[in-house]
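Have a look at the structure below before the remarks.
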Amino acid sequence: MTTPALIDLAVQRLRAGGLVGFPTETVYGLGADALNPLALRQVFALKGRPVDHPLIAHLAWQPEVEALLAPWAEVDPRAVALGRAFWPGPLTLVLPRASGLPDELTGGLPTVGLRVPDHPVAQDLLRAFGSALAAPSANRFGRVSPTLPEHVREELGPDLLVLDGGACRVGIESTIVDLSGTQAAILRPGAITAAQVEARIGPLAAHSDTRAPGTLPGHYAPRTALRLSAHPELEAAALSAQGLRVAVLREVEPVAYASRLYAELRRLDQHGVDVLIAALAPEEGLGLAINDRLRRAAFGSGPAGGDPQT
Ligand code: TXA
Ligand code: MG
């Protein structure tokens, strides 16, 4: 349970340049003052993340979306339309950045990623803090994102203050829409689908030239070898017949699959099996985002790990 006293303690730590783990509706974030370069450098150090990977600035909700965006980015009518439709919620917008933002936040890019999370603990924290929090997923670089507070402690150690918001509702990271060019594009699929975005701002580009460094193959990787299959039970039977120990990850309904995906990957990864087999979701809507994460996880999986840098 996150009490007002814990929110106060978290705000004190953040104002002093410290880091705090907190829940969002997608995954747990590792929060730091988005305007404090030294605090941001600690985020990269604790995660083991390359410093040129930009962070998302998380903002407290207010219904005047122009006023919400203006201190951070160039205000664009498409951003206002998407903010009104989907914030607070699992959507990140990449926009030309306002002046005065630290390069540590934006990875030196001329753009900034902005998101208004809808978890009540995240909103309480942001309102009490009074400014933006940079918050990457609270995992070590290249590993599975945390969806429970104990995952954050497993990843980043027992000394970090982690606000408890229970299990994350969505379970996979926000949809990232790039609005820095003339045609909008999805940089990372998520629970807000391309069709939902297109319904508000018109057609999306099929590809974007924008760099989204976190969209590397080999992210979200378990240590156990992970295989993907449309028929996981058949594959499991074949591998078991060869004497391998196998565990299967599957869920029929995509919303439930997304919300349990990372916790199940973590749980099964500690099971001591030789191979994990995950069912692919239908290639549409939220299923596209689930399969995106599964493919990255499979690419980097296995005892030797993939190389998330390549
Ligand atoms: O759901 C989420 O977005 C979670 C929760 C905690 O809010 N956060 C998250 O942060 O997933 P992170 O740092 O793990 O992933 C951020 C992604 C990276 O792929 C990064 O490259 C991309 O956002 N990104 C951030 N700012 C960007 C920018 N200006 N241009 C392109 N990509 C950007
Ligand atoms: Mg991440």
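All ligand and atom numbering here is 1-based and tracks the order in the structure. Atoms considered below: every heavy atom in the structure, side chains included; atoms not considered: hydrogens, waters and symmetry mates.
Looking at R295 and D292, no side-chain N of the basic residue comes within less than 4.0 Å of a carboxylate O on the acidic one, giving no salt bridge. Using a 4.0 Å cut-off between charged side-chain N and carboxylate O, R188 and D178 make no salt bridge. Taking a cutoff of 4.0 Å between a charged side-chain nitrogen and a carboxylate oxygen, R84 and E66 qualify as a salt bridge.
Shown in contact with V94 at under 4.0 Å from a heavy atom are these atoms of ligand 1, numbered in order with element: 28 (C), 29 (N), 30 (N). Short contacts between ligand 1 and I176, defined as distances under 4.0 Å to a heavy atom of the residue, involve ligand atoms 17 (C), 22 (C), 23 (O). The distance from ligand 1 to the heavy atoms of S137 drops below 4.0 Å at these ligand atoms: 8 (N), 9 (C), 10 (O), 12 (P), 14 (O). Atoms of ligand 1 found under 4.0 Å from any heavy atom of P54 (numbered from 1 in listed order, with element): 20 (C), 21 (O), 24 (N), 25 (C), 26 (N), 27 (C), 28 (C), 33 (C). Close approach of ligand 1 to V112 is summarised as follows: ligand atoms under 4.0 Å from at least one heavy atom of the residue are 29 (N).
When heavy-atom distances to ligand 1 are checked against a 4.0 Å cut-off, D178 has no atom that comes that close, whether in backbone or side chain. When non-hydrogen atoms are compared, ligand 1 lies under 4.0 Å from the backbone of L55 (N, CA, C, O) but not from its side chain. Contacts with ligand 1 closer than 4.0 Å are made by heavy atoms of both the backbone and the side chain of S174. Residue-level proximity to ligand 1 for R49 is carried by the side chain, the only part with a heavy atom below 4.0 angstrom. Contacts of H58 with ligand 1, taken as heavy-atom pairs under 4.0 Å, involve the side chain alone.
Note on S145: not counted as a metal contact of the Mg ion (ligand 2), no N/O/S atom lying under 2.8 Å.
Aromatic pair H53/F141: centroids less than 6.0 angstrom apart.
Both cation-pi conditions hold for R200 and F86: the charged atom is under 6.0 angstrom from the six-membered ring centre and inside a 45 degree cone around its axis.
Side chain to side chain, T224 and D269 meet the donor-acceptor criterion of an N or O pair below 3.5 Å. Side-chain N/O atoms of D118 and Q123 include no donor and acceptor closer than 3.5 Å.
Note: an N/O pair closer than 3.5 Å links T111 and ligand 1 by distance alone. Polar contact with ligand 1: absent for K47 (N/O pair, distance under 3.5 Å).
Under a 4.0 Å heavy-atom criterion, A135 is in contact with ligand 1. Heavy-atom distances between H53 and ligand 1 stay at or above 4.0 Å for every pair. Contact between T106 and ligand 1 is absent, with no heavy atom of the residue lying under 4.0 Å from the ligand.
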Begin from the C-alpha positions of E173 and S137 and carry the test side-chain hydrogen bond (donor to acceptor under 3.5 Å, both in side chains) through to its verdict. CA-CA 8 Å; E173 302 83 349; S137 51; 4.9 Å; no
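Rounding to the nearest 0.5 Å places CG of L69 at 7.0 Å from CG of L93.
In summary, of the residues considered (R266, R143, K47), a salt bridge (charged side-chain N to carboxylate O under 4.0 Å, His left out) with E155 occurs for R266 alone.
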